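Everything on this sheet refers to the single structure shown next.
Chain naming here is simple, since letters A, B, ... match the order of the sequence lines and numbering starts at 1 in each. Predicted model only: the values in this text are computed from it and were never measured.
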Amino acid sequence: MNYWLMKTEPDEFSIDDLKRRKSEPWTGVRNYQARNYMRDGMRRGDGVLFYHSSCAVPGVAGVAEVAVSAYADPTQFDPKSAYFDAGSPREAPRWLMVDVKYKRKLKRVIALTELKQHDELNGMILLRPGNRLSVMPVTKPEWDFVLGLE
DNA sequence: GCCAACGTTGGC
DNA sequence: GCCAACGTTGGC
């Protein structure tokens with residue numbers, strides 16, 4: 001079992017939205033590295049730290065789980081979608097997604113500023129300067145430590 | 001809204 | 001295959 005962190009803008013899709021929807025196809029990832037993590041690393045049952053970005057208090061807001069491993073993201077073939085990619089071949093789709101299932105909302109948001117204060121989390125990809133990945137791996141010790149802050 | 005950091009694009 | 005220009009991300 002592996003552990004991950006996935007970013008979302010809560011104005012677009014928050015942990016409360018996921019709670020309502022129970023499970024959600026994670027459309028719109030258009031970064032090769034993030035795609036590769038989903039394709040090569042993510043398996044059903046893996047843990048996901050649900051991270052809110054571009055908001056008042058960026059941070060980990062909940063826990064989710066990979067419900068369905070990587071498959072083609074249909075929005076890449078939809079000309080009306082913001083995620084449309086005219087260059088993606090039907091027979092070899094360029095972009096993949098996973099389904100993410102709600103587990104729980106944290107009692108409080110564990111803020112990015114707080115994560116930065118702990119030496120134990122120095123190695124987190126999330127905290128690397130300039131990091132822009134929306135899907136990234138988290139180690140088991142990082143996972144335990146972050147949730148231990150709750 | 002600013003801007004630093006980074007990925008992608010496209011001319012050569 | 002280099003690299004400048006451009007677009008996007010995301011914290012602040």
Side-chain angles (χ1 to χ4, degrees), chain A residues 2-21 24-42 46-66 69-139 141-143 145-150:
Chain A
N2 292 315
Y3 298 92
W4 309 92
L5 183 147
M6 297 175 85
K7 290 183 191 171
T8 175
E9 300 189 13
D11 292 345
E12 306 271 320
F13 192 83
S14 71
I15 187 68
D16 292 316
D17 294 321
L18 185 64
K19 183 176 185 178
R20 258 192 304 278
R21 304 272 276 269
E24 185 72 6
W26 210 252
T27 56
V29 174
R30 295 294 181 271
N31 170 282
Y32 287 103
Q33 204 176 347
R35 179 206 65 184
N36 293 348
Y37 282 134
M38 291 197 292
R39 183 189 61 193
D40 304 330
M42 277 194 179
D46 282 1
V48 175
L49 294 176
F50 197 94
Y51 180 91
H52 284 173
S53 68
S54 295
C55 55
V57 183
V60 177
V63 177
E65 178 183 304
V66 177
S69 60
Y71 61 106
D73 177 347
T75 63
Q76 70 195 299
F77 301 122
D78 178 3
K80 293 192 294 294
S81 169
Y83 303 124
F84 178 63
D85 180 356
S88 180
R90 284 258 175 198
E91 64 282 7
R94 184 177 288 170
W95 304 112
L96 304 175
M97 63 182 188
V98 298
D99 283 8
V100 172
K101 183 168 69 177
Y102 177 81
K103 293 294 281 187
R104 67 188 185 90
K105 182 177 178 177
L106 297 194
K107 292 192 279 290
R108 64 183 187 91
V109 172
I110 301 171
L112 175 63
T113 52
E114 184 177 348
L115 299 177
K116 285 177 175 172
Q117 289 167 11
H118 296 283
D119 290 343
E120 291 88 341
L121 301 178
N122 279 348
M124 277 190 95
I125 295 175
L126 178 74
L127 303 183
R128 291 222 269 259
N131 165 63
R132 280 173 29 194
L133 279 173
S134 61
V135 176
M136 70 198 85
V138 170
T139 67
E142 288 163 355
W143 172 276
F145 191 87
V146 169
L147 293 180
L149 293 172
E150 183 184 11

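- The closest side-chain donor-acceptor pair between A:Thr75 and A:Asp78, if any, does not fall under 3.5 angstrom.
- Atom CE in A:Met136 sits about 13 Å away from atom P in B:dG7, given to the nearest Å.
- For A:Tyr51 and C:dG11, the shortest distance from a side-chain N or O to OP1 or OP2 is below 4.0 Å.
- Within a 6.0 Å sphere centred on CZ of A:Arg94, heavy atoms belonging to other residues, nucleotides or ligands number more than 12.
- For A:Met124 and C:dG11, the CE to P distance is 13 Å, given to the nearest whole Å.
- Between the CG atom of A:Asn131 and the C1' atom of C:dT8 there is a distance of 14 Å, given to the nearest Å.
- Within the nucleic acid shown, A:Leu133 comes within 4.0 Å of sugar-phosphate atoms alone, with no base atom in reach, counting heavy atoms only.
- We find that CG of A:Leu127 is positioned 16 Å from C1' of C:dT9, with the value rounded to whole Å.
- Comparing B:dG7, C:dG10, B:dC6 by their closest approach to the side chain of A:Ser53 singles out C:dG10.
- The aromatic rings of A:Phe50 and A:Phe13 sit tilted relative to each other, their planes meeting at an angle between 30° and 60°.
- Between the C1' atom of C:dT8 and the CG atom of A:Asn31 lies a distance of 11 Å, rounded to the nearest Å.
- The distance from atom CZ of A:Arg132 to atom P of B:dG7 is 7 Å, rounded to the nearest whole Å.
- Taking atom CD of residue A:Glu114 and atom P of nucleotide C:dC12, one finds them 14 Å apart after rounding to whole Å.
- Within the 4.0 Å cut-off from OP1 or OP2 of C:dG11, not a single side-chain nitrogen or oxygen of A:Lys7 is found.
- Regarding A:Tyr32, its OH atom lies at a distance of 18 Å from the C1' atom of C:dT9, rounded to whole Å.
- Ring geometry, A:Phe145 versus A:His118: the interplanar angle exceeds 60°, so the pair is classed perpendicular (tilted spans 30 to 60°).
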